[in-house]
Structures are given as C-alpha cells and as structure tokens.
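Beneath this line is the structure, given in structure tokens, with notes to follow.
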Amino acid sequence: MADKITPRETNYSQWYVDIVTNAKLADYSPVKGCMVIRPNGYALWEKMQSILDRMFKETGHRNAYFPLLIPESFIKKEAEHVEGFSPELAVVTHGGGDELDEPLIIRPTSETIIWSMYKKWIQSYRDLPLLINQWANVVRWEKRTRLFLRTTEFLWQEGHTAHATEQEAKEETLKMLFVYQKFVEEYMGISVIVGEKSESEKFAGAVKTYTIEALMQDKKALQAGTSHFLGQNFAKAFDVSFQNRKGDLEYVWATSWGVSTRLIGALIMSHSDDKGLVLPPKIAPVEIVIVPIYKNNTKSTVIIYAENLYNSLKDKFSVIFDDDDQNKPGWKFSEWEMQGVPVRIEIGPRDIKKEQIVVARRDTGEKINVKRNSAEEKIRTLLEDIQNNLFRKSARFRQENTYQTADYNEFKEVISQKGGFIQAGWCGSAECEKKIKEDTKATIRALPLAKEETDRRKCIICGREAKYTAIFAKSY
RNA sequence: CGGGAUGUAGCCUAGUGGCUAGGGCGCCUGCUUUGGGAGCAGGAGAUCGGAGGUUCAAAUCCUCUCAUCCCGACCA
C-alpha cells in the first residue's frame, strides 16, 4: 500500500495535514476555516483539559461560563481591544427572523462580557481576588486557516482574574505563565522559551503579554500559551472599582491567560515522525495497545494469554486490546503507530513459550523482550522513559536551533538558511523591530525572562545600546 | 485578500469532444489467512463540485460560481 503520510522532507505542510487526517484527529467542515475535532483529537483535548483544570483549581481558580454572544458595543469600550479584534469579528445581525436593534458579536475572547459582569460582582476589597476560568469556544475570522493551528472557531480556556493591587495581578500573570510552562514541558514534553512579548506583539488591551514559545520541527516558532497583565484597562473601560480598607475607591487590576486547541498542533509538530503521530505518555489517551499474533491453531492460546495481560494492566494503564480478527498484525502496527500510541505489546506463540512479551516503543521504534512477570514494572518505567526522552529531544532540538549573533548579515543568513531561534540584542524601538520583519519575516517571539549573560550589548539593527536580548524567529 | 494548484464512488486516481466513465484502496458476502498495511471468488457504490453556455454529441471546450490545499500579506 502506498504511504499515506507525506514525508516531512517532501512537504512539511502536507505532512502535518496528513498526520491530522490519518490519525483521525480532525476533519474539514462544510464551513470554510472550521474543523471537526474527531474522537481521537477530542480525547487529546480532554486529557489536556483535565490536567490543566486540576492545575487551575490547585491555584485557586473556579470555572464559570459566560455567553457566546456579546453586545457589539462592549467590544468597543477598550480602545486597543477594539482595534485589535475588529478585523476578525463574526457579527450576528438577525435573530428570530428580525434584524436586531444592536448587532451581537460572537466572542473572539471574553474580556468585555466578563468585565461587564465583574462590575456587578465587585464592590469591596473583600470580593477580591476574583479568580475565574472558563472553557469555551471562540470565533476569530481568519484569512488563512490551518487545522488546529489557526481555525475560525477554536476551543480554549480563558482565565480572567481581578485583583486589589497591581503587584498581586502581576504575580498572578506570571504564576499562570509558569503553570503553562510546567504543563507544556512536563506533560506535553515540549521545551519552551518563557518570555515577554514586545509592544507590537502583545495582546490588544494588555499592558504586558507573556508567552511560552516552542520551536517546531520545521524551525518555525509557535506561541503555545499566553498570559496577560491587563493593568486597569478593562476596569476603567467597564468602570469596575472597589472600596479598599481605607474606604477609598480604586480601579481593579486584571489578568487574563489562555491556551487553546492549538496546543494539539504544537504537539504534532514537536514529536511526530513520518510514520504518524507520536504522543508523550502523559498526554496520550491510550498508552498501550496489545496486538495478539496467532495462526488458527494458536489463536485461543494467544488470546487467553493476551487477555490475561490486558486484565492485569487495565486498572493501572490506559490500554487497548486489539483483538479484531479482520486485520493482520502488520496492519495494526501501522495503524496504532499512525495514532501515536506510545507503547505496543506484541504477543505471539513464540512469546508464550518463553513466558515473555514483545514491547515496542513509538518514539524510537525499538522492540524489546520483556518477561511476562515483570511486564507491569517494565512498562511503567518505559512510559516514563518515553516521556523523558521526548522532552529531552525537544529541549536538545531547541538548543541546537538557537543561534546567537551580533551581526545583522549573519542574522539574515541564519533566518533564511537555517531557521530556528536567534538571540540578539535589541534597542527596544518599534522601528528596528519592523525593519527586521520586513527584511527577514522574522519577529520577536519573546524577551526571555531568564536573563542569560550575553555580550550582545548593541542592537542588531541600529547599533545603539541594547535594552533587551530578544529571541527572533519566523513563526506560525 | 492577492498568486498558484486541484475538484471524477468513503479515499486515491485514469480518462484533451464520440458507444454503457475505467482502475486501486476501502466497504459488503463467503472461504483461506495472521511475527510489519494478506489471498481468492462474488457484490454494492458516480446525476464527473455547482450553474449557465457552445455542440449532433461535454467529465473533456467557454463563462460564472463554490470549495479545499499550497505560497504570500494579517492573526492564538
């Protein structure tokens, strides 16, 4: 059979599309730019949700749900916010057969509706902090869409918090940024740069935007999560104030932070190979698949042996026993590899004789023989090993594709020939940032929080004193 | 929103004006198989993306339109 997945070398974009469709993660919808998330893709999202949701709750947040439809006037209340989002709004003009008095927008994000409610809920410092998260869908009318990475409608979570002091809101912003970092690195196995966004790249309406940036296999950057310090911008726009202990009225300080189904795209482009999806065990909906191998005369023996193993594992792992009689083992191997299952167990008559099982790992393709009586322990270790290996690979990849330069010609050379992250000095001016973008298509992905010792004290463009060490890259 | 490509069965595809649109995968039935995408036999499935036009005759030519992908400009 012909290969279903276009090799990365041949066409990286097509490879990505092939992975998504062949692993049955998503499919195109009848509406342009929208996608259907299929059970395999949705199971991934549910897994991410459950881990993140736990982390949000551990940091004191509660879930709520705000409406999909927002009065058009709300979005216009914050100047930068409206400017940023106007081009990508979907607007509802009719309802129940009649034209609406005021058009409704479908939320592109929920700051405005949430802050209109916070106005009602916050009067006193005793009402603060208010720590709310919501899991929702949002719609942004995009010119160019790509499965998971940028679709017209997508799923995400958005945290919206209100605080009595600037300091506390800033701490919250960073706290959640680090929650994202932990989640993406420890669970998704993706190494990220943690940093602040430049003025031109920050969220419309934010005072400061922070980001975790990952590097995909094609050496392009992907913003994997953002956390914003909103200052008092929305509090002022929606007149949300509180009385402090002294009885004075003050505006509330705000944050918002989100990750989306785009993370699934990041996951695919970080770990997967030409055989299909590769999933880190901690995020894999199915950790183990057992494939029995038999001839007619050995079938019952093998099935019983395999079923026995399945029963001993099923309470400890997420495991599937693929006893489908229609497909041959080779077909199953390919299929489960395509779907990214981290560990495959093969059991045939030869193994039963030796009281062993064959264990194949998805990340390296390596097969090992494991004694039946130590199976559980070995598999547990192996899953951990795969998880660690994927993260190490991701970290090494990012490191190996991060360059440092103080010379603009070299900068341009690296961006166009190699890709990856480039660390360089930046004076902080929008002009220099713009020039780089025009020359090379690279943007500032982050101003890393971890200040590394560098000797790049000059701006890569203008040669003036550098205020920042910036990470540049072409991005999604 | 510009440039390019593509639309023929669930998927891939042959078919540059001429008879009943051909093949592969998948699907259904039966038998044989099963350690890296099995074999044989039989079977179902297509108003050729849509609309209009040219012609004795259109999947094929023309016009319009819709959709998707790829590449750019804008964005989680």
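Naming convention: chains lettered A, B, ... in sequence-line order (proteins, then strands); numbering from 1 in each chain. The figures here come from the full heavy-atom set of this structure, side chains too, leaving out hydrogens, waters and symmetry mates. Bear in mind that the values here come from a model prediction, so they are computed numbers and not experimental data.
- Look at the P atom in both B:C48 and B:C40: the space between them is 32 Å, to the nearest Å.
- Across every strand in view, B:A67 sits in a pair with B:U6 that passes the Watson-Crick or G-U test at under 3.5 angstrom.
- Partner assigned to B:G52 is B:C62, using Watson-Crick or G-U wobble distances below 3.5 angstrom.
- Partner assigned to B:C40 is B:G30, using Watson-Crick or G-U wobble distances below 3.5 angstrom.
- Nucleotides B:U16 and B:A73, compared at atom P, are 38 Å apart to the nearest Å.
- B:G26 sits 38 Å from B:C66 when the P atoms are compared, rounded to a whole Å.
- Side-chain atoms of A:Gln217 come within 3.5 Å of backbone N or O of A:Ser270 as a donor-acceptor pair.
- The stretch residues 342-360 of chain A comes close to RNA chain B through A:Arg344, A:Glu346, A:Gly348, A:Pro349, A:Arg350, A:Asp351, A:Val358, each having a heavy atom under 4.0 Å from the strand.
- When the side-chain nitrogen and oxygen atoms of A:Ser13 are compared with OP1 and OP2 of B:C71, one or more of them lie within a distance under 4.0 Å.
- Distance, A:Asp325 CG to B:U34 C1': 8 Å, rounded to whole Å.
- Residue A:Leu147 is the one, among A:Leu147 and A:Glu142, whose nearest nucleotide of RNA chain B lies closer to the 5' end (criterion: closest heavy atom).
- Rounded to an integer number of Å, the gap from CZ of A:Phe203 to C1' of B:A76 is 10 Å.
- If you take CG of A:Asn327 and P of B:G39, they are 13 Å apart, rounded to a whole angstrom.
- Using a distance-only test at 3.5 Å, with no hydrogens or angles considered, no donor-acceptor pair links the side chain of A:Glu158 to the main chain of A:Trp257.
- The P atoms of B:U8 and B:G43 are separated by 26 Å, rounded to the nearest whole Å.
- Within the structure, every pair that satisfies the side-chain hydrogen bond (donor to acceptor under 3.5 Å, both in side chains) test and touches residues 22-33 of chain A, not counting sequence neighbours, is listed here: A:Lys24-A:Glu335.
- Across B:C27 and B:C62, the matching P atoms stand 39 Å from one another, rounded to whole Å.
- For A:Trp135 and A:Trp45, the distance between ring centers is under 6.0 angstrom.
- Residue A:Lys275 is out of contact with every strand shown, counting any heavy-atom pair closer than 4.0 Å.
- Comparing A:Lys295 and A:Ser29 by the nucleotide of RNA chain B that holds the closest heavy atom to each, the one mapping nearer the 5' end is A:Lys295.
- A distance of 8.5 Å separates NZ in A:Lys299 from CG in A:Asp323, rounded to the nearest 0.5 Å.
- Close to B:U33, at under 4.0 Å from its OP1 or OP2, lies a side-chain N or O of A:Asn296.
- Remark: P of B:C1 and CD of A:Glu88 are 15 Å apart, rounded to the nearest angstrom.
- In this structure, NZ of A:Lys24 is placed 13 Å from P of B:G26, rounded to the nearest angstrom.
- Contacts of A:Leu222 with the nucleic acid, taken as non-hydrogen atoms under 4.0 Å apart, are absent.
- Using a 4.0 Å heavy-atom distance criterion, A:Met35 is classed as making no nucleic acid contact.
- If you look at A:His160 and A:Phe234, their ring centroids are not closer than 6.0 Å.
- Classification of the A:Tyr12-A:Trp15 ring pair by plane angle, with boundaries at 30° and 60°, yields tilted.
- Here A:Lys170 does not pair with A:Glu172 in a salt bridge; the nearest charged N to carboxylate O distance is not below 4.0 Å.
- OP1 or OP2 of B:G35 has at least one side-chain nitrogen or oxygen of A:Lys328 nearer than 4.0 Å.
- The gap from the C1' atom of B:U29 to that of B:G15 amounts to 31 Å, rounded to the nearest Å.
- As judged by a 4.0 angstrom heavy-atom cut-off over every strand, A:Lys32 is placed among residues touching the sugar-phosphate backbone only.
- Residue A:Arg144 has a polar side-chain atom (N or O) positioned under 4.0 Å from OP1 or OP2 of B:C71.
- Phosphate proximity of B:C69 to A:Tyr28: present, with a side-chain N or O under 4.0 Å from OP1 or OP2.
- One can place CG of A:Asp218 at 12 Å from P of B:C70, the figure rounded to the nearest angstrom.
- Here the separation of B:U60 from B:U6, taken at their P atoms, is 15 Å to the nearest Å.
- Look at A:Asp385 and A:Arg361 and you find a salt bridge, because one of the NZ, NE, NH1 or NH2 atoms lies within 4.0 Å of a carboxylate O, short of that distance.
- Regarding A:Lys220, its NZ atom lies at a distance of 12 Å from the C1' atom of B:C70, rounded to whole Å.
- With sequence neighbours left out, A:Lys295 forms a side-chain contact (heavy atoms from CB on, under 4.5 Å) with A:Asn297, A:Thr298.
- Under the Watson-Crick and G-U wobble criteria, each requiring two contacts below 3.5 Å, nucleotide B:C19 is left unpaired.
- When distances are taken from the side chain of A:Val17 to each of B:C69, B:G36, B:U34, the shortest belongs to B:C69.
- For B:G36, the base has a donor-acceptor partner in the side chain of A:Lys367 [N/O atoms by modelled type, under 3.5 angstrom].
- Atom C1' of nucleotide B:C71 and atom CZ of A:Arg146 are separated by 11 Å, given to the nearest angstrom.
- Counting any heavy atom pair closer than 4.0 Å across all strands shown, A:Glu337 reaches a base atom.
- Here B:C74 sits opposite no nucleotide as a Watson-Crick or G-U wobble pair (both hydrogen-bonding atom distances under 3.5 Å).
- Residue-level contact check: A:Phe154 touches the bases, meaning some heavy atom is under 4.0 Å from a base atom.
- Remark: the separation of the C1' atoms in B:G36 and B:G17 is 48 Å, to the nearest Å.
- Counting only distance, with no hydrogens or angles, the side chain of A:Asn311 and the backbone of A:Glu307 share a donor-acceptor pair below 3.5 Å.
- Residue contacts for A:Gly33: at a heavy-atom cut-off of 4.0 Å it reaches the sugar-phosphate backbone alone, with no base atom in range.
- Applying the 4.0 Å criterion to OP1 and OP2 of B:G35, one finds that A:Lys332 has every side-chain N and O outside that range.
- Of all nucleotides present, none satisfies the Watson-Crick or G-U wobble test against B:A14 with each distance under 3.5 Å.
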